[in-house]
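Have a look at the structure below before the remarks.
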Amino acid sequence: NINRMKNHVDFVKGQDSTCTATETVGPPTQPPTSAPCTGSEFRLVLQTDEYGEETSWDVTGSNGNTVAQGTGYGANSKSEINECLPSGMDYTFTIRDTYGDGICCDVGAGNYEIYVDGSLVYSSNGQFGDEEVVSLSGGNNNSPPTPAPVPNPTPAPVPNPTLAPVPNPTPAPVPNPTLAPVPNPTPA
């Protein structure tokens with residue numbers, strides 16, 4: 001049993017209260033470790049302008065689901081955001097500025113960079129209006145791509161077999177019938 005916190009408060013009417021706190025802590029706990037990313041490692045390095053609160057972004061999969069997003073940044077602040085994107089689909093990164101003047105240059109020098117699996121895939125000087133959209137390929141090198149469905153091949157048309165020409169059978173030679181011997185009539 002670890003006694004995390006014990007508070008003892010004595011209060012007597014008309015006297016000062018006494019508050020003592022003691023803390024007994026067990027062995028130090030390690031921070032939780034996250035599972036390794038089995039998809040694509042996405043990293044956004046974002047430098048906001050003087051109006052960081054106007055900046056928001058999201059990553060949407062080709063299935064229409066938002067898989068990562070961010071908002072509520074400070075003025076002239078630098079943030080590094082790391083996300084694990086599920087493999088097997090393409091993604092769209094969209095950054096927005098609610099005022100419509102991007103994140104550079106009228107009121108600060110905002111910019112951003114996008115890395116996928118450790119490689120820089122896009123770098124922006126922050127000069128855009130309401131939004132900027134970047135297409136990202138999904139998947140990673142750890143899983144083979146899913147092949148596109150391919151129908152089984154259709155056999156080539158083959159005509160029905162034709163029989164070799166056969167002449168009509170000829171009748172076997174049949175001799176003319178012979179009459180059975182009949183005795184000559186006898187005179188009566």
Side-chain angles (χ1 to χ4, degrees), residues 2-7 9 19-151:
I2 297 176
N3 184 3
R4 289 301 227 181
M5 180 68 83
K6 178 182 175 187
N7 288 324
V9 177
C19 179
T20 56
T22 58
E23 182 175 356
T24 306
V25 179
T29 58
Q30 297 297 321
T33 58
S34 59
C37 180
T38 58
S40 293
E41 293 178 7
F42 169 85
R43 182 166 59 119
L44 172 64
V45 180
L46 173 64
Q47 173 68 50
T48 64
D49 62 7
E50 292 178 22
Y51 295 94
E53 70 276 4
E54 296 174 355
T55 305
S56 65
W57 61 270
D58 62 56
V59 178
T60 304
S62 53
N63 61 1
N65 293 335
T66 299
V67 295
Q69 60 188 356
T71 188
Y73 296 98
N76 297 311
S77 67
K78 183 172 184 177
S79 301
E80 290 193 21
I81 300 99
N82 294 290
E83 296 285 341
C84 183
L85 305 180
S87 61
M89 71 177 82
D90 291 333
Y91 294 94
T92 301
F93 171 85
T94 305
I95 187 167
R96 295 175 184 84
D97 182 85
T98 56
Y99 190 75
D101 63 350
I103 58 175
C104 183
C105 296
D106 292 337
V107 287
N111 60 73
Y112 67 94
E113 295 176 335
I114 299 171
Y115 295 82
V116 176
D117 294 330
S119 297
L120 177 65
V121 296
Y122 190 78
S123 180
S124 173
N125 62 10
Q127 294 178 338
F128 59 90
D130 294 327
E131 68 180 30
E132 186 168 50
V133 178
V134 179
S135 295
L136 307 171
S137 291
N140 63 14
N141 296 332
N142 297 332
S143 59
T146 304
V150 177

Could you pull out the closest heavy-atom pair between [X] and [Y], with the gap in Å?
| X | Y | value |
| --- | --- | --- |
| Ser62 | Met89 | OG-CB, 3.3 Å |
| Ala68 | Glu83 | CB-CG, 3.7 Å |
| Ile103 | Asn111 | CD1-N, 3.6 Å |
| Gly100 | Asp130 | CA-OD1, 3.1 Å |
| Leu85 | Cys37 | N-SG, 4.5 Å |

Gap separating the [atom1] atom of [X] from the [atom2] atom of [Y], nearest 0.5 angstrom:
| X | Y | atom1 | atom2 | result |
| --- | --- | --- | --- | --- |
| Asp117 | Arg43 | CG | CZ | 12.0 Å |
| Ser56 | Asp97 | OG | CG | 8.5 Å |
| Ser79 | Gln47 | OG | CD | 8.5 Å |
| Asn76 | Thr48 | CG | OG1 | 5.5 Å |
| Thr55 | Asp49 | OG1 | CG | 5.5 Å |
| Tyr91 | Thr66 | OH | OG1 | 11.5 Å |

Less than 4.5 Å apart, side chain to side chain, heavy atoms only: is that true for [X] and [Y]?
| X | Y | value |
| --- | --- | --- |
| Asn125 | Cys104 | no |
| Val59 | Leu44 | no |
| Phe42 | Leu136 | yes |
| Thr60 | Thr94 | no |

What pairs with Asp58 under salt bridge (Lys or Arg N to Asp or Glu O under 4.0 Å), at least two apart in sequence or on another chain?
Arg96

Tell me, please, which residues at least two apart from Glu132 pass side-chain hydrogen bond (donor to acceptor under 3.5 Å, both in side chains).
Tyr112, Tyr122, Ser124

With Tyr115, which residues qualify under side-chain hydrogen bond (donor to acceptor under 3.5 Å, both in side chains), at least two apart?
Glu113

Run the side chain to side chain contact (heavy atoms under 4.5 Å, CB included) check on Val45 and Lys78 step by step: do they pass?
CA-CA 7 Å; Val45 180; Lys78 183 172 184 177; 3.5 Å; yes

If you draw a 6.0 Å radius around OH in Tyr51, do more than 12 non-hydrogen atoms from other residues or ligands fall strictly inside?
no

